[in-house]
Participant: 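So that we are looking at the same thing, I have put the structure below in structure tokens.
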Amino acid sequence: ITSSVGVDLELWDGKLDFTAEYYSNTSEDVLIDLPIPLSNGSLAGLTTNAGSIKNSGIELSGNWRPSIGDLKLTISPNFYTVQNEVLEIGNLDIISGTGARSEVGQPIGQHYGWVYEGIFQTAQEVAEAPSQNPNTAPGDVRFADLNDDGIVDDADRQYLGSGMPTYYYGLNISANFRSFDFTSFGQGSGGNLINSNLYRGLMPTSGFTNWHEDILNRWTPQNTNTDVPRVVINDPNRPGWLQSGNYFRINTISLGYTLDGNFLRKIRMQSARVYVTMQNVYTFSAYEGYNPDFQAGILNPGFDFGTFPRPTTTMVGVQLKF
């Protein structure tokens, strides 16, 4: 079910056009895995059309076509927001994903857990803090006692942030200067947090395994100005690692030159264009995983189970027109 209302504007003899739209889209009969009693003999859920999700927001786009002598430009930005809400999940009010929770009336697949408050620095801080584990020591993660009952337990867990982007944007630029042509395209998103399976696997604070280089900045009595807890066998307070999902990627850059003239006409060719195109040029992001725009399950859109990195490619070609 989709509804929208918008406005289109065109100014200065078509040199500038602009579109603004509000949309509301409800998806029904969404496939989700509903939990079933363990007495059925299976740990897997029952996949059924039991979900209903609403997305709404604004969409903005425009085109600007300035000219400077022989240089002709087209600049096309776009931006849109997504406000997500779970309307129905079968006969349940709440369903859990991987490190996430979906609740009727809330956005789908929000990260869920304890609130990080820092690192314990001294034994006195541990003794004076709400109880969270009897083996807690300096260098361990400190979690918030949200209900002020003196104990950090399941009642202190809460939603930690959106698992899916809340806004998306892009920018297209094309230019022509005499026989040269240029195009570029970039896009990005933000407003979400990512729980990376790869990073979590490389940042264990207990055991013996391969580690990410960030573990070198772990807490020690000599290195206390850090947000990476100590490394200890059987860490009593294993931290989670949520990272910003904000990014902008330069997807495509292409430069071409078109040849024409008497010589080409003599060989019965109208034109010949040579070009070079680069794809997946660069991604501006603080995310420690490979791709901040990975694909995940419906109930855990912010959990990166693991994806291959996008290769940067360069292609050189010739287009012939007879």
Side-chain angles (χ1 to χ4, degrees), residues 32-40 42-46 50-51 53 84-121 123 125-164 192-197 199-201 203-207 219 227-245 296-305:
I32 57 175
D33 292 330
L34 292 178
I36 58 177
L38 296 178
S39 58
N40 285 299
S42 174
L43 296 177
L46 178 63
I53 301 171
N84 179 268
E85 181 184 356
V86 176
L87 302 179
E88 183 180 7
I89 40 179
N91 58 352
L92 303 175
D93 292 325
I94 297 174
I95 188 170
S96 297
T98 305
R101 172 178 282 196
S102 299
E103 180 179 351
V104 173
Q106 294 283 339
I108 196 167
Q110 292 186 90
H111 298 290
Y112 188 75
W114 288 283
V115 176
Y116 170 86
E117 280 197 326
I119 303 290
F120 285 111
Q121 299 296 330
E125 285 186 11
V126 175
E128 294 176 351
S131 173
Q132 61 185 47
N133 188 293
N135 296 317
T136 301
D140 286 335
V141 171
R142 178 173 183 161
F143 296 114
D145 178 19
L146 298 180
N147 58 5
D148 294 324
D149 64 355
I151 301 175
V152 177
D153 54 18
D154 283 348
D156 295 299
R157 293 195 295 170
Q158 71 169 22
Y159 292 115
L160 302 177
S162 175
M164 59 185 299
N192 62 310
L193 297 173
I194 299 175
N195 189 344
S196 170
N197 187 48
Y199 192 72
R200 286 178 60 184
M203 289 293 288
T205 51
S206 64
W219 187 95
D227 59 358
V228 180
R230 65 177 178 146
V231 172
V232 59
I233 296 298
N234 299 322
D235 183 359
N237 299 290
R238 297 184 180 183
W241 301 98
L242 294 180
Q243 305 176 58
S244 171
I298 290 179
L299 296 179
N300 21 250
F303 191 88
D304 184 358
F305 290 92

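Residues: numbered from 1 along the sequence shown.
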Participant: Closest heavy-atom contact between Phe120 and Ala129?
Facilitator: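 That would be CE2-CB, 3.5 Å.
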Participant: Val126 versus Pro138: any side-chain heavy-atom pair under 4.5 Å?
Facilitator: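 Yes, side chains in contact.
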Participant: Could you state the interatomic distance from CG (Asp145) to CG (Asp156), rounded to the nearest 0.5 Å?
Facilitator: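 Here the rounded value is 4.5 Å.
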Participant: Do Tyr159 and Pro107 come within less than 4.5 Å of each other through their side chains, counting heavy atoms only?
Facilitator: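 Result no, sub-4.5 Å side-chain heavy-atom pair not found.
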Participant: Show the nearest heavy-atom pair for residues Gly109 and Pro301, with the distance to one decimal.
Facilitator: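 Smallest interatomic distance, heavy atoms only, reads CA-CD, 3.7 Å.
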Participant: After noting the C-alpha distance and the side-chain angles of Arg238 and Asp235, does the key distance pass the salt bridge (Lys or Arg N to Asp or Glu O under 4.0 Å) rule?
Facilitator: CA-CA 6 Å; Arg238 297 184 180 183; Asp235 183 359; 5.8 Å; no
Participant: Inspect the surroundings of CZ in Arg200 and state if more than 12 heavy atoms from other residues, nucleotides or ligands are less than 6.0 Å away.
Facilitator: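 Counting other residues, nucleotides and ligands, CZ of Arg200 stays at 12 neighbours or fewer.
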Participant: Could you measure the distance from the CZ atom of Arg101 to the CG atom of Asn300? Nearest 0.5 Å is fine.
Facilitator: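 The CZ atom of Arg101 sits 14.0 Å away from the CG atom of Asn300.
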Participant: Would you mind telling me which of Val232, Asn135, Asp140 makes a side-chain contact (heavy atoms from CB on, under 4.5 Å) with Asn237?
Facilitator: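 Only one of Val232, Asn135, Asp140 forms a side-chain contact (heavy atoms from CB on, under 4.5 Å) with Asn237, namely Asp140.
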Participant: Return the minimal non-hydrogen interatomic distance between Pro236 and Asn133, and the atom names on each side.
Facilitator: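 Heavy atoms only, the tightest pair is O-ND2, 3.2 Å.
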Participant: Start with the C-alpha distance between Ser162 and Asn192, add both sets of side-chain angles, then the distance that settles side chain to side chain donor-acceptor pair (under 3.5 Å), and finish with yes or no.
Facilitator: CA-CA 5 Å; Ser162 175; Asn192 62 310; over 6 Å; no
Participant: Shortest non-hydrogen contact from Glu103 to Val86?
Facilitator: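 Between these two residues, the closest heavy atoms are O-CB, 3.5 Å.
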Participant: Side chains of Ile151 and Pro130: does their closest heavy-atom pair fall under 4.5 Å?
Facilitator: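 No, every pair of side-chain atoms sits at 4.5 Å or beyond.
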Participant: So do Asn195 and His111 actually touch side chain to side chain, heavy atoms under 4.5 Å?
Facilitator: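 Sidechains of Asn195 and His111: in contact.
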Participant: Name the orientation class of the two ring planes belonging to Trp114 and Phe143 (parallel below 30°, tilted from 30 to 60°, perpendicular beyond 60°).
Facilitator: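 It falls in the tilted class, 30° to 60°.
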Participant: With a 4.5 Å cut-off on side-chain heavy atoms, are Phe303 and Asn197 touching?
Facilitator: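 Yes; the side chains approach each other to less than 4.5 Å.
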Participant: Please report the interatomic distance CD1(Ile89) to CD1(Ile53), rounded to the nearest 0.5 Å.
Facilitator: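 One finds 9.5 Å between CD1 of Ile89 and CD1 of Ile53.
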Participant: Measure the OG-CD distance between Ser102 and Gln110 for me, rounded to the nearest 0.5 Å.
Facilitator: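 Answer rounded to 0.5 Å: 8.0 Å.
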Participant: Do Asp304 and Tyr199 touch side chain to side chain, with heavy atoms closer than 4.5 Å?
Facilitator: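 Side-chain contact under 4.5 Å: no.
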Participant: Does some side-chain heavy atom of Val141 sit less than 4.5 Å from a side-chain heavy atom of Ile119?
Facilitator: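 Result yes, sub-4.5 Å side-chain heavy-atom pair found.
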Participant: If I take atom CD from residue Gln158 and atom CG from residue Leu146, how far apart are they, to the nearest 0.5 angstrom?
Facilitator: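 Answer for the CD-CG pair, Gln158 versus Leu146, is 5.0 Å.
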Participant: Would you mind reporting whether Leu299 and Ile95 have side-chain heavy atoms less than 4.5 Å apart?
Facilitator: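 Yes, close enough: below the 4.5 Å cut-off.
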Participant: I need the minimum non-hydrogen distance between Tyr112 and Leu160, along with the two atoms involved.
Facilitator: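 Closest approach of Tyr112 to Leu160, heavy atoms only: C-CD1, 4.1 Å.
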Participant: Checking Glu85 against Val104 for the side-chain contact (heavy atoms from CB on, under 4.5 Å) test, could you report, in this order, the C-alpha distance in whole Å, the side-chain angles of both residues, the deciding distance, and whether it holds?
Facilitator: CA-CA 7 Å; Glu85 181 184 356; Val104 173; over 6 Å; no
